[in-house]
Structures are given as C-alpha cells and as structure tokens.
Amino acid sequence: MLRWLARRIIAAALVVFVVTSLVFVVTHVFTDPATVSLPLEATEEHRADRRAALGIDRPLAVQYWDFVSGLVVGDLGESFWQDQPASKLVLERLPATLKLVAGATAVTVLLAAPMGMLAAWWERRFADHAVLGFSMASISAPPFWIGYLLIIVFAVQLGWVPTFGSRGFVSLILPSFAIGLASAGRLAQMTRRGIVEELRKPYAVTALSRGFSRSYTIVHHTFRNVASGFVTMTGWELTRMFTGYTVVIEVVFAWPGVGRLAIHAIENRDLILVQAAVVVLATLVVVTNLLVDIARRMIDPRVELA
Amino acid sequence: MSTTNGDGRTERLLEVKDLTVGFPTRDGIVRGVDQLTLNVGSHERLGVVGESGSGKSVMGLAILGMVLPPGRIMGGSVRWRGEDVLDPAVAGRVRGREIAMIFQDPMVSLNPLKTVGSQLRELLKRRVGLQGPAIRRRSLELLDMVGIANAGERLRAYAYELSGGMRQRVMIATALACEPTLVIADEPTTGLDVTIQDQILALLHDLSTELGMSVLMITHDLGVVAQFCDRVQVMYAGRIVERAPINEMFTDPQHPYSLGLLHSVPRVDRDDGELTGIPGEPLDRAQFPPGCAFEPRCNEAQDGCRDAPPPLLKIAERRWVACYNRPAAGSP
C-alpha cells in the first residue's frame, strides 16, 4: 500500500511537471508576454524594454530553466499588472476557490446520493421520473444562468442571502448550488443506473432472499458497490469545477477566487499571472485525481495496486 | 394429494399451488413457471430437475415471493406452515429465517466488497438479533459447521480471496445463520470441480440430517438427485411433468421427457447400450405450442397432444405424470 502510494505521488508530480511545461510552451513559445502586455501602438523600443524587464530576451532554454527552478521553490514570476509575485496573488485567492469547490462538492454529493437511491428504489415510479426531470433540467441549464436565477430568486426577491461577495457561510450557499446542481444531476443518474443494475446481481438477490429489506440492501449492499464509480465521477466533476465552473461562477458572484483572478489577469494581459493561475488549478486537478485513486483503493480491495 | 413419506414423522411445511410467473416480452407474456404445484415436508429432500431454461431458478425465487423485474407472479399461492408467503409482511419474516436460499455461483452471490465476517455479522445481528461477542462466537461456529478451517482468519477474507468450494461453504454458512427449516439450493454444485461437488453435496446432506432441515434441491444433474434426494419432480418448460420417489424415478420413469433425460445420462452400474439424447432443442419460450410443451420433441406424440397441456395426474401411489399417453389411476 505504501509503495503503491509513493508511486502514485511520483506519477502525479510528473504529470504536474509536464502540464506546467506545456503552460510554459504556450505562454513563451506561442506568444510573447511583452507584446501581449503592451498596447497595439507600442513601439519596437518599448517592446524590447519590456522583454528585457521580463527577462524574455534570453534564450528559451535559459528561460525554461529559470521557470522550472522557480517552480520548485514556488516562484511563478512577477505579475506586471500587480507588481507582486504571481504565486502570492494566486495563493491568496486559493482558499476562497477551495471553499467554493468544497461547498459545490457537498451540494453535489448530498443531493446526488440520496436522489439516486430514491430513484432506484422507486424505479419507474413518480420519484424516479422526478429525479430524471431534475437531472435533465440541471444538466441542460448553463451554470451562469442558474447562478443568475438563484440570485434573482433568493437574493433579490426573497433577500435571504447576499447577492454577491464572500461574507461568511451564507454567501457560499448560492454559488455552491449554481455549480453543484448540474454535477448532482449527472451523478444522480449515474447512481440510479448503478444501483438498479446492482440490484439484479446475484449478491443483491441473495441479500433480499435472506430477508433484508430493499432499502437496507440498497444502502448497505448495492451503494457500496456503486461507490467506486461514484467517487470516480465525483472526481471528474471536481475537475470540471476547477477548470471551468469556478471561473464562471466566481465572476457571476464576484467571488474573490483564483478563477476571477485569472479572468482579471487575462483582461489586463498579464500572461505571467495567467500562467501562475493555470499552474495552480492544474495542480489541484492532479491532486484530486490522486485522492480519487486512494479513495477507490480504500473502497474496493480488488483495485489493482498498479 | 398426499406427499408424506408415510412414516408419520413428517409435517407439511411448504405448499405451492398453481404458482405462475410471467415475463412480458414483445411476443406476449412468457410463463417462466406455469401452474407449479409442489409440497415439501419436514426432514425431506426434494429434487427438482430440468434443463436450462425450464424455469427452475425462477421457481426457487418465486417460492420466496421474489421475481426479478419485469417478471411478476401472475397467480397461485405459496404457503409456509399455512401462512401466505406472497404477503410481503409474511415474506419478510420467512425469508432467510425459515427458508434460506443457496445460489449457483458463490463468486457473485457473496457481496464482493464485504468480508465473510461482516456478511455473517449483519445476518446474525439484524436477522437473528445476536449482540456483542455472541456474534463472533456464532460466526466461528457456523464456519466450523461448514468445514472451514482457520475460521478466525477466514472472517477477515473477501470472497475473491477464497476458492470456489470455500465460497460455497461460506454461502451455506450464511444460509444456516438463521437456522432455517428449509433450504432451497439452486444448482449449488454447478461450476465447481467434481471432487468439490461431492464434498458440498455430502456437507449439505449431513447438515440437513443433523439440523433436521428440509432441502429443495434444484438441479439439471440427475446424478445430484440420485445422490441426494428422497423424492424428485421433473420440470419442463415451467411445468412439472413427473413426480416420483427417487428409486421409482430411476427404475421406472413414466413421462417421455423423464425417459429421455435418463437415457442421456451415462450409467456405470448397468450396461444400457448406447447413450441417446433427446431430439430437438429446448423450445423458444415465446413460441409455446398450445398443447403439451414437450410434444414437438416427443416420439410418442399424437394428435391429441397439441390441443391443451396435459394435467398432472396421479397414476399410482406417490406417482404423478402429466402425459396423455399415461392413463391416470382409476381410469381405464
């Protein structure tokens, strides 16, 4: 188990390294941070000055070495929009994004698991159709639209929660739902289908034949066997959150997270800062996948120790 | 009808009457089990034998009031000591505690993600009501009863860590956990090595004698029936076609299908000449003939066989046959 874990961590570190290198290629080979950061009418002289200031007039190999050695000690370069270390700016915003993702994941799991079980229990009955309806609606609606809808109803009309910003737990509720509803919709359907299939399997039939109730069998026997897939899918949803939903929803709710920082960095043509944000988000995705692997290993002893 | 062994010690436990299970298909409703009638007395080992698709497994679950969707029980009754098992409240009490089932494939019939110990524990705790250290004590005792050495260690094992024979022993231990009066064993030895098959059969035989349990043995294997059962019923296309004490079934089979079954089994104790199979194939169940289901494969078929399925009639003491060519007792 420990050797397996060590191998997984080394593999994850390698993936982070490759991904960050790709980010470097995009920001330094395909584009020129100096040109991007300057107005269109800037002279060649201005650009040369900016290049020298950013150190990108040096050979690519040297720059790459700088980038990688900086990465190891957590130095992601200077933001020229904010005049501060990019890593500091990103890490300051990170807790807000993690809070948001945690809230959205809680919404996802706490809605999807019971809804999937209920739909499976009442297969082809009203509850099943109702859950299917919810899933279709939540999957089809774009998260930013759900976000605005929630703001209009719960913040503006009812006044229960603030419309935007990050002031304590209450302000976390709406953005968490805006992100989590679609994920919950997808996961509920997966859970339902998984349980319905598992209920026909011999071990579930055996449990029922021993006199365990349908609800006990669903919760204690089949859900466990669906859990591995459930965790994997939750990991995917987390990935989507880090790389897409949080960015959009942080803008909608003026949430001070990494996503909104990335958007501002793009608006201000601060490629170094964009690069830092992408590196951090990519790392989070890799860490998520690592945690999913560990969780699956704990749920199912048959998972290969490869 | 009488199903007692005639020695007076038996009590009628399970009475199934006209049980019919239907599965909707595109071509209409297919009857997996058709007007099944069957009785099991105490201390009795009854065999139900038939080929794949004859409805044996559907029957086993239906006796517990269970049918996999989209199938459903369309008629008939199942009584356990006089109580209606098709009533969910009664079923909840009877399942596991009074009637326990053993399934064909112990690899997939044990929960793959629970240890042997936790599967026994949940039964002993939730179905028997044991608590604390008594649970572990009884678990060890059960594993010991089914002949598993190193019981303490095996409690921590998962099904995939055990051999096929060992898994079936664990399966039997979970069936015995609630001290059932009747065990329904659905092909319990299929898929096991021949030597292991014999061990499992011997184990079931010994346990049923020691614990005074009745067994309903569902199998396609006449050898298993010969070795294990007191009485046998032959099933074809969801219906019982013959019922007889074990010796008479082998010495004097009556139904053409039973005859065919016996002739297709090699015997070492007797020289019967060549083995003969049964011509034709099991029917596509959606295209049932209105008459006797065996008629298309039967070498004794006559015109009258195609009109309606023959009823199961008594032809002698403890002998029942469903065939127009076997006159019932009392008729000319």
Side-chain angles (χ1 to χ4, degrees), chain A residues 1 113 117-129 191-232 294-306, chain B residues 57 60-71 85 88 90-115 118-128 156-161 167 170-171 174-178 180 183-184 186:
Chain A
M1 179 75 189
M117 286 192 238
L118 282 181
W121 191 0
W122 277 297
E123 190 191 344
R124 287 178 223 206
R125 307 268 285 281
F126 175 75
D128 189 11
H129 297 308
T191 308
R192 175 209 176 267
R193 200 178 51 231
I195 290 179
V196 165
E197 276 169 20
E198 292 291 323
L199 270 178
R200 284 162 177 64
K201 289 197 177 165
Y203 76 87
V205 173
T206 305
L208 292 169
S209 83
R210 294 280 184 267
F212 291 124
S213 66
R214 207 167 140 77
S215 52
Y216 180 89
T217 306
I218 287 178
V219 176
H220 289 88
H221 284 265
T222 59
F223 187 69
R224 241 185 123 107
N225 283 279
V226 177
S228 183
F230 188 85
V231 168
T232 307
I294 294 171
R296 284 183 53 211
R297 176 71 185 74
M298 278 158 60
I299 293 168
D300 191 339
R302 294 168 302 175
V303 168
E304 283 285 308
L305 287 176
Chain B
S57 297
L61 282 174
I63 286 173
L64 290 173
M66 293 170 61
V67 180
L68 289 183
V85 182
V90 176
R93 236 177 321 128
V94 169
R95 280 181 203 163
R97 287 213 198 111
E98 303 271 1
I99 309 177
M101 224 168 146
I102 296 172
F103 293 90
Q104 179 170 350
D105 190 343
M107 175 75 227
V108 291
S109 297
L110 293 167
N111 191 326
L113 298 186
K114 289 189 169 215
T115 59
S118 77
Q119 297 192 47
L120 283 171
R121 189 183 323 120
E122 68 176 355
L123 277 165
L124 294 171
K125 198 167 166 184
R126 303 190 67 94
R127 298 295 291 164
V128 185
R156 285 191 299 274
Y158 291 92
Y160 75 98
E161 295 172 318
R167 277 181 218 135
V170 170
M171 186 73 187
T174 65
L176 297 182
C178 310
V183 168
I184 301 177
D186 182 2

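The figures here come from the full heavy-atom set of this structure, side chains too, leaving out hydrogens, waters and symmetry mates. To find a chain, count down the sequence lines: A is the first, B the second, and so on, and within it residues start at 1. Quantities reported herein were computed from a predicted structural model and do not represent experimental measurements.
- Using a 4.5 Å cut-off between heavy atoms, B/Leu61 contacts chain A through its side chain alone, with no backbone atom that close.
- A/Arg210 places a side-chain N or O within donor-acceptor distance of the main-chain N or O of B/Met101, the cut-off being under 3.5 Å.
- The candidate from B/Glu122, B/Met66, B/Glu161 with the greatest count of non-hydrogen atom pairs under 4.5 Å with chain A is B/Glu122.
- With chain A as partner, the option from B/Ala100, B/Pro88, B/Ala175, B/Gly92 having the largest number of non-hydrogen pairs under 4.5 angstrom is B/Ala175.
- Chosen from B/Leu110, B/Ile99, B/Leu123, the residue pairing most often with chain A at heavy-atom distances under 4.5 Å is B/Leu123.
- In this structure, the separation between CG on A/Asn225 and CG on B/Asn111 is 5.0 Å, given to the nearest 0.5 Å.
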Verify side-chain contact (heavy atoms from CB on, under 4.5 Å) between A/Tyr203 and B/Lys114, making sure each step is shown before the conclusion. CA-CA 11 Å; A/Tyr203 76 87; B/Lys114 289 189 169 215; over 6 Å; no
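- Contact annotation for residues 194-202 of chain A against chain B (heavy-atom separation below 4.5 Å, listed by residue number): A/Arg200, A/Pro202.
- Between B/Leu113 and A/Asp300, the shortest heavy-atom contact is CD2-OD1, 3.3 Å.
- Crowding of A/Arg125 atom CZ: a count of heavy atoms from other residues, nucleotides or ligands under 6.0 Å not exceeding 12.
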